[in-house]
Asks: 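Before we start, here is the structure in question, set down as structure tokens.
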Amino acid sequence: MAHPPAASTSGNTTNVALNVPILCAAVGVALAVAAEHLTSPPASSTPATNSSFGPFLHGASFAIVLITAAYALFELIRQGRMAWQQPALAPGICRSASFAAFLLGLVSVAVSDSQSLPSTSLGIGLCLLALIGFLAITFLGPTGTATQEPMRNPELGGSYPVDHFRNYPGPLPPTYDADMRGEAPPTQRRPRIDPSTLPPLFETDPLYSTPRPKVARFFSMVKGNDNPIASDDACVISDDETYFALCDGASGSSLPRPWATLLGQQWLKMPFQEIDAETLALWLQEPRDRWHRWIQETWKWKIDERNQLIGEKPLSADVFRRTLQTGASSTFLGLLLDRESNTWHAAAIGDTCLFLFRGDRSGTLRPQFSFPLDSSAGFSDRPPLLTSNGNNVSTLVPYFRFKHGNLRHGDVLMMATDALAQWLLSQLEQQQTTWNILPSLTEPRRFAELVEKERQNGHMVDDDTTLVVIPL
Amino acid sequence: MATWEPEDSYRKSWNRQHRGLLIFLLDQSGSMRQPVQIGNRQYTNGEMATLALNDLIVSVINNTPIDSQTGRLKDYCDLLVLGYGNQVTPLLDNRQGMPISIKDLAENPLGRRPVLVEKYDRVQGKKVQVQEMQPYWINYSADSTKTEMAKALQRAYRVVQDWLQADLRRRQSFPPIVINITDGAHNGEGDPIEAAKSIRQLYTDDGHVLLFSCHLTSNSTSHLVFPRDAQVISRNVSNADEREWAVNLFEMSSEIPATMAKRARESFNAGLPDGARGFIYNANPADLIDFLSWGTRPSQNFER
């Protein structure tokens with residue numbers, strides 16, 4: 001029997017689970033047809049074998065129909081509850097269910113006593129009804145990608161490639177199928193997949209991507225040498241490498257990394273050289289909308305899907321509410337290079353810093369300035385931040401800093417998040433020279449070694465540390 | 001006993017690699033049944049302490065960031081609550097007195113009940129009281145005849161010691177914090193002052209274990225917050241028994257580290273004198289909650 005179309009429309013776990021009743025029904029059909037064929041007297045030439053073999057098959061197919069029906073009912077209730085929470089899943093579930101009902105109808109027709117007209121016609125009627133329902137949902141209802149619809153909001157433009165919604169790269173681990181095909185699903189949730197075998201979530205999400213500039217150089221280390229996906233720093237660089245943004249998400253806030261990236265993306269779209277409350281409100285509008293939408297649609301959906309796979313509860317309502325209520329915060333540093341007029345502009349709020357190094361007569365690079373903070377004592381636990389939730393942006397305006405200057409051949413601009421910026425400033429204050437490998441740094445390994453060493457000897461705060469070196 | 005330069009200690013923040021430990025000791029002796037008048041409602045000391053403790057757990061949870069990968073709280077710290085009366089009983093009882101990860105605790109409260117919380121109303125531009133359903137983990141109980149405070153402190157000592165030994169990385173963490181909520185009167189075996197001293201001598205690379213005390217009495221006319229010396233207590237507490245116990249609890253409490261004092265100043269605009277102790281006397285609920293919610297926040301813990 002051909003693979004049921006319902007199962008192949010999407011990689012959704014719902015359909016995978018429904019495969020079980022559908023396959024059982026298919027086996028039931030095959031058995032019933034065989035039983036029918038073997039027990040029908042005219043076609044048979046050896047009645048002796050029929051009498052013992054036929055009824056056996058009949059019994060087996062009945063048993064399978066009953067088991068299948070019970071399992072399908074169980075699955076329907078479970079998935080119905082899921083669809084209640086996640087309405088986008090409903091069409092897929094209805095379709096799989098009607099297809100299963102159709103198959104079950106076939107089985108019942110096949111195994112029913114062909115002499116009894118009412119029961120046969122009832123079976124055929126139900127069967128046709130289910131088939132019509134299935135076809136209606138397939139061709140008239142929402143498209144096969146219905147479950148993914150909310151994520152592909154056309155307003156989000158091209159920043160959400162279809163590719164990103166592939167559920168999991170590569171085939172599912174072998175344990176998946178074997179376990180899912182077990183008898184009745186466990187009443188108590190237990191891990192079906194070891195979470196550590198799954199790739200980190202959002203690895204392919206554009207809001208978690210890291211830049212790969214060609215001329216500029218990008219280095220990043222996560223606090224406690226954690227996985228890069230755990231970093232709350234976000235860096236966005238335009239393709240022509242004239243727009244740069246580095247934002248340090250406040251890890252005490254909720255989901256700061258996507259917020260930091262959205263701020264960076266907004267800088268590429270709408271750079272500014274001064275700001276007032278009205279412009280800032282306008283500027284923040286899009287990142288704020290998109291952050292909230294990302295939490296409600298992509299994040300919640302992914303977490304629920306992952307948790308179902310590993311046998312955990314869906315995202316708790318408390319956490320979801322709190323995430324949206326507290327919102328995300330981040331520092332912001334935007335830099336714009338104008339190669340035609342050889343000038344640059346920078347805008348900043350918070351403690352992510354820009355440094356300019358310029359060669360002196362002997363060719364040695366000397367620090368020219370750092371912006372917006374110029375001393376290692378200026379860093380505090382509570383820098384001003386751009387937030388996803390505030391409704392009074394006018395209070396933020398006074399905290400913005402702006403600077404511009406000329407570019408000279410041989411200059412090196414560096415953007416650094418607070419731990420590194422503070423370390424660099426204290427190096428310069430104490431006239432130390434460990435920093436001077438930074439402007440010419442190319443090897444990520446060297447950066448990692450430096451940060452690790454300085455963290456260990458207590459000179460650098462163990463925080464997400466990001467550096468962008470821009471040679472001119 | 002190890003020593004540190006003040007600027008080198010209490011600087012670590014909690015994270016997955018360097019998790020923290022919080023231990024709360026809750027006095028459940030019969031003496032906690034003394035009535036306290038708050039507004040037009042009457043509570044007992046014990047009820048106040050229990051409410052405050054639940055509030056504290058809520059505030060720790062609210063301050064723990066959410067892990068974007070799991071949708072759960074980040075696994076930043078472990079928490080243990082020990083009640084003491086005739087004996088010392090772990091009150092978060094599912095692990096035989098082992099500290100519980102904050103993320104597991106957050107997901108398993110005993111239940112929820114309505115509480116009044118102060119919130120900043122952006123529209124009105126001021127703080128307003130709103131009713132909220134809040135989870136709780138501890139039930140009120142005060143029926144013991146004894147108050148085994150020394151035993152509770154000794155138990156906390158062993159827990160801290162075991163916890164530090166269970167994972168080498170914990171040696172580099174912000175030191176564990178122990179908060180003792182009591183009406184002050186020790187009535188049992190041992191000497192709580194000595195027990196407190198031993199706890200404070202435990203340490204990590206980032207500093208000594210911190211022991212803070214919250215002293216609740218039915219005498220609500222005077223209250224003290226983070227005093228610097230015992231004389232302040234003598235001047236402010238009239239009842240002789242209470243005075244003795246207040247002084248004892250003051251002596252038992254750690255000095256507030258400079259990094260935390262700085263944070264307190266930044267957060268609450270309240271100046272703390274150098275050498276102020278983590279001791280609070282007859283706190284009204286607001287004081288208590290302020291004390292607890294920033295007292296459990298190590299330097300830079302929840303920022304960035």
Side-chain angles (χ1 to χ4, degrees), chain A residues 195 198 200-202 205 208 222-227 229-230 232 248-258 295 299-300 302-304 306-307 310 312-316 318-320 322-323 325-326 329-331 350-351 380-383 385 389-392 417-419 458 461-464, chain B residues 4-5 7-9 11-19 58 61-76 103-104 106-109 112 119-123 125 132-135 169 172-174 205-206 259-260 262-267 297-304:
Chain A
L198 295 172
L201 288 178
F202 314 116
D205 192 305
Y208 276 79
V222 185
K223 59 174 158 298
N225 289 345
D226 214 335
N227 185 313
I229 201 86
D232 291 322
D248 178 354
S251 64
S253 65
S254 304
L255 283 295
R257 172 83 171 269
I295 297 297
W299 185 63
K300 182 180 184 333
K302 282 268 176 192
I303 294 282
D304 283 348
R306 164 71 54 103
N307 282 3
I310 62 177
E312 295 267 352
K313 285 180 262 186
L315 186 67
S316 88
D318 271 353
V319 168
F320 186 59
R322 189 185 131 193
T323 305
Q325 255 172 19
T326 53
S329 329
S330 172
T331 69
D351 55 12
S380 92
D381 284 355
R382 291 170 183 264
L385 301 165
N389 279 25
N391 61 354
N392 194 3
T417 52
D418 56 337
V461 180
D462 186 4
D463 190 4
D464 296 339
Chain B
W4 293 266
E5 294 301 315
E7 59 268 24
D8 284 342
S9 53
R11 296 176 67 92
K12 280 284 165 60
S13 51
W14 288 342
N15 57 42
R16 243 188 299 268
Q17 275 72 30
H18 302 119
R19 56 195 297 121
V58 168
I61 285 170
N62 284 342
N63 280 309
T64 307
I66 293 157
D67 189 334
S68 64
Q69 290 286 310
T70 61
R72 306 177 74 195
L73 295 187
K74 285 189 177 171
D75 201 3
Y76 273 11
K103 72 179 202 305
D104 294 331
E107 289 163 14
N108 299 295
R112 279 164 200 274
K119 283 212 161 153
Y120 184 77
D121 186 316
R122 285 210 184 95
V123 180
E132 232 180 41
M133 290 303 280
Q134 204 174 61
R169 287 176 299 185
Q172 291 158 23
S173 293
F174 190 94
D205 294 350
D206 197 41
T259 50
M260 291 174 83
K262 181 165 169 268
R263 169 171 295 278
R265 273 192 290 273
E266 284 168 1
S267 307
R297 191 185 278 211
S299 63
Q300 300 181 8
N301 178 21
F302 300 115
E303 285 295 309
R304 324 233 304 114

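Every chain is numbered from 1, with letters handed out A, B, ... down the list of sequences. Below, each value reflects all heavy atoms present in this structure, side chains not excepted, and no hydrogens, waters or symmetry copies.
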Asks: Determine whether a donor-acceptor pair (N or O, by modelled atom type, separation under 3.5 Å) exists between the side chain of B:Q69 and the backbone of A:P200.
Replies: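 Not at all, since once roles are kept as given, no pair shorter than 3.5 Å links the two residues.
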Asks: Output all residues satisfying salt bridge (Lys or Arg N to Asp or Glu O under 4.0 Å) with A:R322, sequence neighbours left out; order by chain, then residue number.
Replies: none
Asks: Between chain A and each of B:L73, B:I66, B:T70, count heavy-atom pairs under 4.5 Å; write down the option with the most.
Replies: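 Result: the option with the highest number of such pairs is B:I66.
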Asks: Check A:S253 against B:P65 and note the closest heavy-atom contact, atom names and distance.
Replies: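 Where A:S253 meets B:P65 most closely, the heavy atoms are O-CB, 4.5 Å.
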Asks: Which atoms of A:T323 come close to chain B, meaning under 4.5 Å heavy atom to heavy atom: side chain ones, backbone ones, both, or neither?
Replies: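 Both backbone and side chain.
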Asks: Mind checking what makes salt bridge (Lys or Arg N to Asp or Glu O under 4.0 Å) contact with B:D67, not counting sequence neighbours?
Replies: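 Testing B:D67 for salt bridge (Lys or Arg N to Asp or Glu O under 4.0 Å), a comparison that skips the adjacent residues, returns B:R16.
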Asks: What's the verdict on side chain to side chain contact (heavy atoms under 4.5 Å, CB included) for A:D318 and B:E107, showing C-alpha distance, side-chain angles and the deciding distance?
Replies: CA-CA 9 Å; A:D318 271 353; B:E107 289 163 14; over 6 Å; no
Asks: Can you tell me how far the CD1 atom of A:I295 sits from the OG atom of B:S68, to the nearest 0.5 Å?
Replies: 9.0 Å
Asks: Report yes if the side chains of B:R72 and A:L315 come closer than 4.5 Å at any heavy-atom pair, otherwise no.
Replies: no
